[in-house]
Number of protein chains: 2
Amino acid sequence: MEAVRDLFQIMTRRFGFLNKNCCSAGGVELSLVQSHILYEIDRQHKPSIQQVADALGTDITTFSRQIQSLIKLNLVKKTPDPEDRRVYILSLTTEGMYVATTIDEQMNAYLSEIFSQMNEFERETVIRSIKFLNEAMAKSNQCCTPIVE
Amino acid sequence: MEAVRDLFQIMTRRFGFLNKNCCSAGGVELSLVQSHILYEIDRQHKPSIQQVADALGTDITTFSRQIQSLIKLNLVKKTPDPEDRRVYILSLTTEGMYVATTIDEQMNAYLSEIFSQMNEFERETVIRSIKFLNEAMAKSNQCCTPIVE
DNA sequence: TTAATTTATTTGTAAATTGCAAGTTTATAA
DNA sequence: TTATAAACTTGCAATTTACAAATAAATTAA
């Protein structure tokens with residue numbers, strides 16, 4: 001197999017730029033990391049701090065502080081879990097939800113623009129390919145998840 | 001178009017993990033950023049500091065310091081450009097080349113493992129799709145390049 | 001039931017990363 | 001030849017990071 005890595009490296013870099021340019025909404029200027037956190041909280045169902053940190057592969061102590069700053073920005077809410085009082089459940093505030101949604105819409109708009117250069121068939125193929133790839137990565141145990149030592 | 005962003009977000013996150021777990025070679029422990037820099041210096045033809053910083057979308061002052069630390073690690077070399085004495089040409093040292101190559105091989109090995117789950121046709125399709133996507137992103141002027149204001 | 005262990009989270013601290021402002025040096029334009 | 005611009009570096013100061021250690025609650029073992 002030739003230089004598959006190059007393809008990935010360039011693609012993810014480009015997508016990274018997209019994300020980077022995309023992170024302010026509702027008068028709030030977010031860092032890339034913060035935008036990823038909002039995304040992940042939104043995506044998961046009542047996640048704990050630990051769960052989101054794991055999903056993003058961030059050190060828990062770092063993550064704890066990141067959450068603190070997002071709470072200060074009034075984008076994230078921390079609720080004690082009644083089931084287990086060690087745990088805090090994370091959720092987006094109304095404002096956080098607005099910001100996350102806005103970013104999401106912008107990202108999708110950018111992506112639409114990219115895909116608009118393709119015809120229906122090409123678009124379908126590319127999207128199906130990415131889905132497929134994600135599944136393959138999920139199945140692989142050697143890679144693609146944060147290191148758990 | 002449905003939630004294309006999700007596909008991308010997950011894919012790039014997974015690839016990010018891959019990169020993250022992949023950054024030590026030849027007894028040197030590199031950060032993700034450092035590994036990206038080696039990659040980009042290797043890829044470009046006698047790039048200047050500015051060029052690599054631009055390609056990676058990093059602030060030039062930050063980048064200047066990152067190069068300094070890679071020089072200290074004896075992975076990167078800075079040569080004055082005879083054509084324009086303001087400019088420094090970056091290149092990898094022998095050791096830097098070794099590290100970059102090792103990381104590259106590891107990444108490709110991981111990717112091979114992922115692709116080994118697919119049959120020949122699927123593999124071809126996925127790879128062609130990513131190439132295609134890269135071209136589309138390159139053509140788009142709205143996105144996918146670092147902000148130049 | 002108590003003691004020991006594990007899990008979730010936070011804080012102390014110190015190092016690394018970042019970027020703006022300002023500076024140096026060389027090239028180019030007026 | 002003076003002014004402007006471009007490539008790069010340094011001085012900060014703020015932010016981000018992660019390891020070690022602490023707290024508090026749950027679980028498990030004795």
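The analysis underlying the following values was restricted to heavy atoms, covering all of them including side chains, and did not include hydrogens, waters or symmetry mates. Naming convention: chains lettered A, B, ... in sequence-line order (proteins, then strands); numbering from 1 in each chain.
Evaluation of the side-chain hydrogen bond (donor to acceptor under 3.5 Å, both in side chains) test over residues 35-45 of chain B, restricted to residues two or more places apart or in two chains, returns A:D6-B:Y39, A:Q9-B:H36, A:R13-B:E40, B:E40-B:R43, B:E40-B:Q44. Residue pairs meeting the side-chain hydrogen bond (donor to acceptor under 3.5 Å, both in side chains) criterion with at least one member in residues 70-81 of chain A, sequence neighbours excluded: A:N74-A:E95. Legend: salt bridge (charged side-chain N to carboxylate O under 4.0 Å, His left out) pairs involving residues 46-61 of chain B, not counting sequence neighbours: none detected.
Only B:D84, B:R85, B:R86, listed by number, bring a heavy atom of residues 67-89 of chain B to less than 4.0 angstrom from any atom of DNA chain C. Contacts between residues 29-56 of chain B and DNA chain C, counted as heavy-atom distances below 4.0 Å, involve no residue at all.
Under the side-chain hydrogen bond (donor to acceptor under 3.5 Å, both in side chains) criterion, A:E120 pairs with A:R123, sequence neighbours left out. Partners of A:S129 according to the side chain to side chain contact (heavy atoms under 4.5 Å, CB included) rule, which considers only residues two or more places apart in sequence or in another chain, are A:T125, B:T125, B:V126, B:S129. With sequence neighbours left out, A:R86 forms a salt bridge (charged side-chain N to carboxylate O under 4.0 Å, His left out) with A:D84. Under the ring pair (Phe, Tyr, Trp, His ring centres under 6.0 Å) criterion, A:F63 pairs with no residue, sequence neighbours left out.
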Which side-chain N or O atoms in residues 99-106 of chain A pair as donor and acceptor under 3.5 Å with protein atoms at least two apart or in another chain?
from: A:T101; atom 1: OG1; to: A:M97; atom 2: O; distance (Å): 2.6
from: A:T102; atom 1: OG1; to: A:Y98; atom 2: O; distance (Å): 2.7
from: A:D104; atom 1: OD1; to: B:R5; atom 2: NH1; distance (Å): 2.6

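Taking atom CD1 of residue B:I60 and atom P of nucleotide C:dT18, one finds them 13 Å apart after rounding to whole Å.
Formation of a donor-acceptor pair under 3.5 Å by the A:S112 side chain with backbone atoms of A:N108 is found in this model.
Nucleotides of DNA chain D lying under 4.0 Å from heavy atoms of chain A occupy a range whose first and last members, 5' to 3', are D:dT17 to D:dA26.
From B:L90, atom CG reaches atom CD1 of B:I49 across 5.0 Å, with rounding to the nearest 0.5 Å.
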